[in-house]
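As the structure is a computational prediction, the values presented were derived from the model and not from experiment. Both counts, for ligands and for their atoms, begin at 1 and track the order of listing.
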Amino acid sequence: MGGASAARRRTPAARPRRTPHEQAVGRVKRRVVVLVASTAVLALAVGLSVAAAGTRGSAAKHTTAAMKAPKVPNAAAIKAKYGGQSITFIGDSVGGGHTRDLAIAKRFTHDTGIKVKIIPHSTASDQAYAQLARTFSAHSSSIDVAMIDVVWPGIRARHLLDLRRYAGDRPAKNCAAIVANDTVRGRLVAMPWFADVGLLYYRKDLLAKYGVEVPRSWPALAAAARRIQDAERAAGKDRMWGFVWQGRAYEGLTCDALEWIASQDGGHIVEPDGRISIDNPRAARAISAAAGWVGTISPRGVLNYAEEEARGVFQSGNAVFMRNWPYARALAESEGSPVRGRVGVAELAEGVGALGGAQLAVSRYSRHPAFAASLVMALTGRAEQKRRALAGGFNPTLPGLYRDPEIRRANPYYEVIAQALAHAVARPAAVTGTRYNRVSSAFANAVHAVLAGQADAATALHSLEGNLMRISRGGRW
Ligand code: GLC
């Protein structure tokens with residue numbers, strides 16, 4: 001699983017106990033971006049920058065035409081061969097994801113005669129994973145096509161069809177790092193669909209009202225959140241909170257907590273060389289600081305928030321800052337949104353957001369591999385990626401699309417996203433391989449216990465390290 005590791009990693013990798021000299025070197029190096037960089041993710045990011053440079057300041061306009069699903073390529077040939085058949089697609093569920101999937105499926109059925117049953121997966125990524133795992137382990141043919149998280153291709157590979165014979169020149173046109181992520185032992189087990197990165201959302205109007213700059217560090221964010229929250233409450237907005245994020249014990253918390261830790265030089269849980277690094281004082285400080293937000297600048301309910309709960313609070317106007325993925329912008333800016341026109345997007349504190357994203361894969365147990373693959377190709381193709389970028393704010397995985405003038409006009413924040421992608425931190429999925437899910441869930445649970453006040457950070461991370469040693473059979477992933 002090269003791609004998840006292909007994004008940049010923050011230097012230096014945390015070592016459990018460093019000498020004062022090493023710590024000083026670390027602090028200097030932290031400012032310098034010398035990481036295991038993927039030129040491909042960078043190329044995608046540079047493409048984004050170039051696109052943004054020409055369009056800065058232009059307003060986001062989502063035409064209704066942009067919402068229409070595009071024509072399916074080679075539809076007539078597909079129809080002649082497979083018309084009348086049906087397939088099942090386990091698709092998106094977050095934000096407007098399901099509605100968008102329904103639209104493309106309708107078009108696909110119209111053009112090809114193939115019926116598509118769409119089942120939205122669970123909104124929590126790891127529950128969605130468990131759902132698929134059950135079907136796959138039963139070798140069930142009930143699923144043909146599935147949306148899979150960027151951290152899954154390595155774990156799920158043996159249940160997924162090799163798509164090379166259906167993909168033509170598609171892989172070459174895609175972001176190479178993501179294609180590498182989706183290629184496991186030479187088999188292309190998924191097609192890149194969209195790229196994600198953790199971002200900081202803020203209320204432009206409130207920051208301007210209180211003369212507060214967009215915070216660049218976690219303490220600055222906490223201070224700004226506190227100040228604005230308190231002032232707004234004093235002015236009668238008693239439901240206002242400073243900062244909302246993903247605090248439920250699930251994959252999303254793994255992303256948030258990795259951002260806090262990696263951005264403060266606490267490492268990456270497990271380093272690319274397999275060393276378990278989580279039991280270190282910087283990581284403990286980062287988690288303790290986040291625990292201090294709960295009940296002060298973040299509602300206690302944040303302990304049960306996934307992406308959509310955080311967006312609900314922010315979009316209804318009850319939060320100053322939010323951590324979320326790019327999809328949230330299009331929704332917060334949509335017609336009828338109480339915060340429309342007042343939403344700013346920036347890189348997270350210290351410029352470190354988690355790398356995320358989704359791929360589409362065909363089950364190896366599908367009875368209809370050929371036309372299931374044609375649905376995957378239609379959904380991940382240029383026209384649909386463009387529609388998703390315009391209508392949903394999803395980042396295409398086709399670098400060429402960032403030169404598209406309509407896409408350039410649609411999102412004034414592509415430059416920010418470009419920077420965020422270039423600085424993204426990968427979860428340790430590549431190195432932990434098939435054990436990644438156990439690692440992520442042990443990590444999220446340990447962090448959650450600290451956030452909930454049930455454990456202190458140093459103790460929780462120490463026992464997590466022991467737990468990860470056992471999962472990895474002594475660090476031998
Ligand atoms: C987003 C990301 C995905 C991540 C998930 C966590 O869907 O694209 O990579 O695992 O959020 O909740």
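- Taking the charged nitrogens against the carboxylate oxygens, Arg311 and Glu308 do have a contact shorter than 4.0 Å, which makes a salt bridge.
- Side chains of Ser122 and Gln127: a donor-acceptor N/O pair is present below 3.5 angstrom, by distance only.
- What you find for Ala361 and Ala190 is that their closest heavy atoms are CB-CB, 4.1 Å.
- Near Gly252, meaning under 4.0 Å from one of its heavy atoms, ligand 1 places the atoms 6 (C), 12 (O).
- Residue contact check for ligand 1: Asp149 places a non-hydrogen atom closer than 4.0 Å to it.
- Contact between Gln246 and ligand 1 is absent, with no heavy atom of the residue lying under 4.0 Å from the ligand.
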Item to check | Step-by-step side-chain contact (heavy atoms from CB on, under 4.5 Å) determination, Arg156 to Val189 | outcome: CA-CA 9 Å; Arg156 300 283 83 189; Val189 298; over 6 Å; no
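- Other residues, nucleotides and ligands contribute only 12 or fewer heavy atoms inside 6.0 Å of the CZ atom of Arg239.
- Ranked by closest heavy atom to atom 8 (O) of ligand 1, the top entry among Asp92, Val94, Asp256, Asp196 is Asp196.
- Ligand-side atoms of ligand 1 in range of Gly356: 8 (O), 9 (O), range being under 4.0 angstrom from any heavy atom.
- Note that Arg329 lies outside the cation-pi zone of Trp325, set by a 6.0 Å cut-off to the ring centre and a 45° limit from the axis.
- The protein heavy atom nearest to atom 6 (C) of ligand 1 is Glu307 OE2, 3.4 Å.
- Interface atoms of ligand 1 facing Val150, defined by a heavy-atom separation under 4.0 Å, are 9 (O).
- The two atoms that bring Tyr327 and Tyr201 nearest to each other are N-OH, 4.3 Å, heavy atoms only.
- When only modelled atom types and interatomic distance are considered, Gln131 and His121 share no side-chain donor-acceptor pair under 3.5 Å.
- Ligand-side atoms of ligand 1 in range of Tyr250: 12 (O), range being under 4.0 angstrom from any heavy atom.
- Side-chain N/O atoms of Thr123 and Glu307 include no donor and acceptor closer than 3.5 Å.
- If you number the atoms of ligand 1 from 1 as listed, the ones under 4.0 Å from a heavy atom of Glu251 come out as 10 (O).
- Using 4.0 Å as the threshold, Ser125 has a heavy atom nearer than that to some atom of ligand 1.
- For ligand 1, none of its N or O atoms has an N or O atom of Cys255 under 3.5 Å away.
- In Arg427, the part holding a heavy atom less than 4.0 Å from any atom of ligand 1 is the side chain.
- At the top of the distance list for atom 11 (O) of ligand 1, counting protein heavy atoms only, stands Trp325 NE1, 3.0 Å.
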